[in-house]
Amino acid sequence: MTAILTLGRLTLRNPSAAARIVLAQNLRGEATWTALFLVAVLNALTYAMMTVLFPIPAELAFLNPSPITYMTLSAGIVIAFSAAVTVSGRMIGGQARFFDVLSMMIWLQFIRVGIQVALIVVMVLSPGLGGLLSLAVNLYLVFVLLHFVNEGHRFNSLWRAFAVLLMASLLALFALTFAMGLFGPDNLGLPAYV
């Protein structure tokens, strides 16, 4: 547990060094899928906690999926985004493999869940401060993600990592839009006019 907390602190203080440690674990197969399932469950639990503490208005109820649906979506997004980062990076000379990127994204999701729990506490005490802090934290996590992508693809350039993130975001958005089109709004619990 101490090693995980130490790596968590290092991720926020020196993201490049933390990324190298995550990559050195060389996680593959069952270990990676188990970690993905665990982080998806933790994401769903923090989401459920948020909806209990800060209920969504009735008119936006269609934006409130069940925790199981949220868990499935969060796992799917991590996989799709990891694949998009892998493909995008390789298009401009990167060297990361899919499982390298997936293990880094899973670790960053663990970090995000821990921060989300802390932010929930702050938001209960002061919603205004919690909202501002949430925005600042999310911006900083993009900075951390840039370093992880840079290390994974061995670019030595945060600008190339930024280009990969832009391309990967577009690819992942296209893939998710395509998947939602296949399932249809009715199967996802969305109104037909959305």
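Computed from heavy atoms alone, side chains included, the values below leave out hydrogens, waters and symmetry copies.
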Listed partners of Phe155 passing ring pair (Phe, Tyr, Trp, His ring centres under 6.0 Å), at least two apart: His153
Expected output: side-chain Ser74 to main-chain Met71 donor-acceptor under 3.5 Å: yes
Met91 atom CE, over 12 foreign heavy atoms within 6.0 Å: no
CD1/Ile68: more than 12 non-hydrogen atoms of other groups inside 6.0 Å: no
Name every donor-acceptor pair, under 3.5 Å, that has one atom in a side chain of residues 107-120 and the other anywhere in the protein, sequence neighbours excluded.
| unit_1 | atom_1 | unit_2 | atom_2 | d |
| --- | --- | --- | --- | --- |
| Trp107 | NE1 | Thr11 | OG1 | 2.9 |
| Gln109 | OE1 | Asn43 | ND2 | 3.0 |
| Arg112 | NH1 | Asn43 | OD1 | 2.9 |

Residues forming a salt bridge (Lys or Arg N to Asp or Glu O under 4.0 Å) with Arg154, sequence neighbours excluded: none
Separation of Met123 CE from Leu53 CG (nearest 0.5 Å): 9.5 Å
Counterpart residues, salt bridge (Lys or Arg N to Asp or Glu O under 4.0 Å), relative to Arg28 (two or more places apart): Asp100
Value rounded to 0.5 Å, distance of OG in Ser103 from CG in Leu36: 11.5 Å
Least distance between heavy atoms, Ala31 atom then Leu27 atom: CB-CD2, 4.2 Å
Plane angle bin for His147 and Phe143 - parallel if under 30°, tilted between 30 and 60°, otherwise perpendicular: perpendicular
With sequence neighbours excluded, residues passing ring pair (Phe, Tyr, Trp, His ring centres under 6.0 Å) with Phe98: none
Selection residues 13-22 - residue pairs positive for salt bridge (Lys or Arg N to Asp or Glu O under 4.0 Å), sequence neighbours left out: Arg20-Glu151
Residues in ring pair (Phe, Tyr, Trp, His ring centres under 6.0 Å) contact with Phe99, at least two apart in sequence or another chain: Trp33
Cluster companions of Val142 among Ile, Leu, Val, Met, Phe, Trp, Tyr (side-chain spacing under 4.5 Å): none
Thr46 side chain vs Leu42 backbone, donor-acceptor pair below 3.5 Å: yes
Val121: hydrophobic cluster co-members (side-chain, 4.5 Å): Leu125
Leu38 and Ile106, any side-chain heavy atoms less than 4.5 Å apart: no
For Arg9, salt bridge (Lys or Arg N to Asp or Glu O under 4.0 Å) partners two or more places apart: none
Partners meeting ring pair (Phe, Tyr, Trp, His ring centres under 6.0 Å) with Tyr70 (sequence neighbours left out): Tyr47
Distance (rounded to the nearest 0.5 Å) between Leu133 CG and Asn138 CG: 10.0 Å
Expected output: side-chain Arg160 to main-chain Asn150 donor-acceptor under 3.5 Å: no
Within 6.0 Å of CZ in Phe37, more than 12 heavy atoms from elsewhere: no
Minimum heavy-atom distance between Leu23 and Gly152, given as atom pair plus value: CD1-CA, 3.8 Å
pair Met105-Leu145: side-chain heavy atoms closer than 4.5 Å: yes
Value rounded to 0.5 Å, distance of OG in Ser134 from CG in Leu139: 9.5 Å
Only pairs under 3.5 Å count here: list side-chain donor-acceptor contacts from residues 78-88, not counting sequence neighbours, and write none if there are none.
| unit_1 | atom_1 | unit_2 | atom_2 | d |
| --- | --- | --- | --- | --- |
| Ser82 | OG | Val78 | O | 2.7 |
| Thr86 | OG1 | Ser82 | O | 2.8 |
| Ser88 | OG | Ala84 | O | 2.7 |
| Ser88 | OG | Ala168 | N | 3.4 |

Minimum side-chain heavy-atom gap Leu141-Val137 below 4.5 Å: yes
